[in-house]
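Notes follow once the structure below has been shown.
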Amino acid sequence: MGPAKAENVLREALQHGADRAAMLSSRAFAGSDTWCTSTVLAAAVRKIGSYDILFFGRMAIDGDTAQVGPEVAGQLDIPQITQLIQIDSLTDNSIILHKKAGEIIQQLEITLPCAVMVSKENGEINPPTLAGVKPNNNQSYAGMKMT
């Protein structure tokens, strides 16, 4: 959810292996607080349908509230993981991961679907794949026509 120029971020996510991307952009969203933002995003997720993991940044650079991801998870009534350290394994039904809880490191197995909040402390992402850089021209991603 953002201005039209945010499409570049979605294209980059697709290049790095994201399955789908959806762009939500409207002047009506300008100046949205975390509740409005999470309500719009949760509605979009419901409309898109099936998913396994929703990834969110830990917090936005403009507000530093760290609320949107957890609020979306709450509205969708799915488990949420904050303070992710690493993902250990993923199956069709669950994810095993390590997260920070204060000074404690926890290993958890979470049933899918879930929401995971990540930050730059989680490390670098893999370089783009050739398939991601040059997608099939007939492929669209939840409303984004990739050319």
Side-chain angles (χ1 to χ4, degrees), residues 1-102 104-126 128-129 132 135-136 138-147:
M1 179 176 148
K5 65 183 178 184
E7 181 180 331
N8 294 333
V9 175
L10 298 178
R11 288 182 181 276
E12 185 176 347
L14 292 166
Q15 290 172 356
H16 286 281
D19 294 330
R20 295 187 296 172
M23 180 68 192
L24 305 172
S25 187
S26 171
R27 288 187 178 146
F29 301 152
S32 293
D33 63 10
T34 59
W35 183 83
C36 288
T37 300
S38 64
T39 299
V40 169
L41 291 175
V45 170
R46 284 186 197 99
K47 184 170 179 73
I48 290 169
S50 179
Y51 59 93
D52 295 317
I53 303 173
L54 301 173
F55 287 99
F56 294 89
R58 186 180 73 201
M59 66 178 76
I61 58 172
D62 61 349
D64 290 347
T65 62
Q67 295 174 342
V68 172
E71 286 179 6
V72 171
Q75 290 189 39
L76 296 173
D77 197 26
I78 60 174
Q80 59 179 288
I81 302 302
T82 59
Q83 301 295 311
L84 175 73
I85 294 175
Q86 71 182 34
I87 295 174
D88 298 321
S89 65
L90 180 65
T91 68
D92 289 341
N93 302 314
S94 67
I95 183 171
I96 297 175
L97 49 80
H98 281 83
K99 71 165 273 174
K100 190 172 184 178
I104 299 169
I105 305 297
Q106 298 174 319
Q107 183 179 31
L108 303 170
E109 181 173 5
I110 307 298
T111 303
L112 300 178
C114 69
V116 176
M117 279 41 84
V118 298
S119 67
K120 63 183 177 183
E121 289 82 17
N122 293 119
E124 297 294 318
I125 59 175
N126 293 332
T129 64
N136 178 333
N138 295 323
Q139 194 169 19
S140 71
Y141 295 92
M144 280 185 63
K145 179 73 175 173
M146 302 302 295
T147 57

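- Without hydrogens or angle criteria, S94 side chain to T91 main chain gives no donor-acceptor distance under 3.5 Å.
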Test side chain to side chain contact (heavy atoms under 4.5 Å, CB included) applied to I78 and L54, step by step: CA-CA 10 Å; I78 60 174; L54 301 173; 4.1 Å; yes

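- Between I48 and A22 the shortest heavy-atom distance is CD1-CB, 3.8 Å.
- Of the inter-residue distances, the one linking E7 atom CD with L14 atom CG reads 9.5 Å to the nearest 0.5 angstrom.
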Steps toward side chain to side chain contact (heavy atoms under 4.5 Å, CB included) verdict (I95, C114): CA-CA 9 Å; I95 183 171; C114 69; 4.1 Å; yes

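- Contacts of D52 classified as side chain to side chain donor-acceptor pair (under 3.5 Å), with partners at least two apart in sequence or in another chain: none.
- When all heavy atoms of Q80 and P70 are compared, the pair lying nearest together is OE1-CB, 2.9 Å.
- In this structure, CG in L10 is found 11.0 Å from CD in Q15, a value given to the nearest 0.5 Å.
- In R27, the CZ atom is not crowded: 12 or fewer heavy atoms of neighbouring residues, nucleotides or ligands sit closer than 6.0 Å.
- Heavy atoms only, all atoms of each residue included: S38 and Q75 are closest at OG-NE2, 3.1 Å.
- To the nearest 0.5 Å, atom CD of residue E71 and atom SG of residue C36 are 10.0 Å apart.
- To the nearest 0.5 Å, atoms CZ (F56) and OG1 (T82) are separated by 13.0 Å.
- Taking every heavy atom of both residues into account, I85 and K99 meet most closely at CD1-C, 3.8 Å.
- The shortest non-hydrogen separation linking M23 to A6 is CE-CB, 3.8 Å.
- When all heavy atoms of L84 and M117 are compared, the pair lying nearest together is CB-O, 3.6 Å.
- Between K100 atom NZ and Q86 atom CD the span is 14.0 Å, to the nearest 0.5 Å.
- One distance of note links CG of L90 with CG of D88; it measures 11.0 Å at 0.5 Å rounding.
- For the side chain to side chain contact (heavy atoms under 4.5 Å, CB included) with H98, the lone residue among I81, I105, L108, I87 that qualifies is I105.
- Annotation for N8: atom CG counts as buried by contact number, over 12 foreign heavy atoms lying within 6.0 Å.
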